[in-house]
J.: 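My structure is below; once you've seen it, I'll send some questions.
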Number of protein chains: 2
Amino acid sequence: MTTRTAAQRRAEAKVAYDAFMAACPSRKVFEMLSDKWVGLVLAAVSAGPRRYGELKAEIAGVSPKMLTQTLRTLERSGLVDRTVTASVPVRVDYELTPLGRDLYPLITPLKAWAEANVDAIRAAEQAYDLRTFAREPTGASAATGASAVIGVTAAMGVTAARQ
Amino acid sequence: MTTRTAAQRRAEAKVAYDAFMAACPSRKVFEMLSDKWVGLVLAAVSAGPRRYGELKAEIAGVSPKMLTQTLRTLERSGLVDRTVTASVPVRVDYELTPLGRDLYPLITPLKAWAEANVDAIRAAEQAYDLRTFAREPTGASAATGASAVIGVTAAMGVTAARQ
DNA sequence: CTGGATCCGGTAGGATACTG
DNA sequence: CAGTATCCTACCGGATCCAG
């Protein structure tokens, strides 16, 4: 492995990492941060050590597969720490590393912003859809074009409990 | 549509939007922000009005389809403004709306962080891979387990040029 | 020039069942 | 409890052609 030659190091240093470039390693990092579950997992694990089951309960809707995968990625990237306590049954705790704790405060504002601006965005979406589908033949396909309306419906609070 | 009853409004207000809940509309917003291209597009369009072609050039590696799709989503959500100037040929400009300008400063730190911490993360990944594949039978399947090594290799700047 | 429409393969990711 | 293994589908996203 480690195909990084001296020439490559120089090339990388010259451009000083720009995520706008497709092949730049920082792009990979940026895309990791843009992963569907990374933000949520980071947020959940930030409040101190969390066990696997706790995370699964806290992050509603995540499948064991995705949770494990995400945790593995974060562990590999050095953002979370995985501690196995050899007992019966086994106990595994996840917590942020210093690097993760450095990143975390940049994530929360996003989650907070999302929660704070839901209404504004929903209004914008409705306005857009009205504008767009105004002269549509027979309504119907609103969901097709842009999956209109959000679908808050039921299930609200299934997991809200602790955290 | 607008199935939001008074009872629902109350329920929503009570929990005040929590992205940890699967069905919460803020989760949808959060996932939009976690889209692969949203961050980059937002960053690119933040520096003032940009034409479609300019964005395509600036964000290396994005296909016209994905760029259009992302811009549509952002427009629908009220984050970017699309202005069509009826000329020949047509001219289309994209720029941030006030809402988008409000969100933008939360995105850039992420991009900056990614660019700043590439080295730390790459080091962590290498260390992890060494630890993990240390006592593997015959190397070989390194890519299977975790797509080891990053793959910066060549292709650096291939797309920076045109497109 | 902008960008819609269509085809299509790869894979992300969800559900479920099973194991140390 | 903490995952892994398997299956399977939806949709991401690239290529291509077309239209205003």
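Lettering follows sequence order; numbering is per chain, from 1.
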J.: In whole angstrom, what separates B:L55's CG from C:dT2's C1'?
T.: 12 Å
J.: Can you tell me the distance, in whole Å, between the CE atom of A:M66 and the C1' atom of C:dA12?
T.: 6 Å
J.: In terms of side-chain heavy atoms of A:R82, which of D:dA2, D:dG14, C:dT2 is nearest?
T.: D:dA2
J.: Any donor-acceptor pair under 3.5 Å linking the side-chain atoms of A:D93 with those of A:Y52?
T.: no
J.: Expressed in angstrom and rounded to an integer, what is the separation of B:Q69 atom CD from C:dT6 atom P?
T.: 15 Å
J.: Report the nucleotide, chosen from C:dG4, D:dA2, C:dT2, that has the shortest atom-to-atom distance to any side-chain atom of A:Y52.
T.: D:dA2
J.: Quick one: B:R50 CZ to C:dT2 P, roughly how many Å, whole number?
T.: 14 Å
J.: Taking for each residue the nucleotide of DNA chain C with the nearest heavy atom, is it A:K36 or A:V90 whose nucleotide lies nearer the 5' end?
T.: A:K36
J.: Is there a side-chain contact between B:T68 and the phosphate of C:dG3, meaning an N or O under 4.0 Å from OP1 or OP2?
T.: no
J.: A:R51 side chain: which of D:dC1, C:dG14, C:dC1 is closest?
T.: D:dC1
J.: Taking atom C1' of D:dA2 as reference, at what distance in whole Å does atom CD of A:E54 sit?
T.: 13 Å
J.: For the residue pair B:Y94 and B:R50, confirm or rule out a side-chain donor-acceptor distance under 3.5 Å.
T.: no
J.: Taking CD1 from A:I59 and P from D:dG3, how many angstroms apart are they, rounded to a whole number?
T.: 13 Å
J.: For B:K36, is there an ion pair with A:D35 - N to carboxylate O distance below 4.0 angstrom?
T.: no
J.: Respond yes when some side-chain nitrogen or oxygen of B:W37 is under 4.0 Å from OP1 or OP2 of D:dG14, and no when none is.
T.: no
J.: Under the 6.0 Å and 45° cation-pi test, does A:K111 pair with B:Y17?
T.: no
J.: Between D:dA2, C:dG14, C:dG3, spot the one nearest the side chain of A:K65, thanks.
T.: C:dG14
J.: Report the nucleotide, chosen from D:dA2, C:dG13, C:dG3, that has the shortest atom-to-atom distance to any side-chain atom of A:D35.
T.: C:dG13
J.: Walk me through whether A:R51 and A:V92 qualify under side chain to side chain contact (heavy atoms under 4.5 Å, CB included).
T.: CA-CA 6 Å; A:R51 302 184 57 176; A:V92 183; over 6 Å; no
J.: Report the distance from atom CD of B:E31 to atom C1' of D:dC12, rounded to the nearest whole Å.
T.: 14 Å
J.: Under 4.0 Å, counting only non-hydrogen atoms across every strand here, what does B:R91 touch: a base, just sugar-phosphate, or nothing?
T.: nothing
J.: Nearest whole angstrom, please: distance from the C1' of C:dA12 to the CE of A:M32.
T.: 17 Å
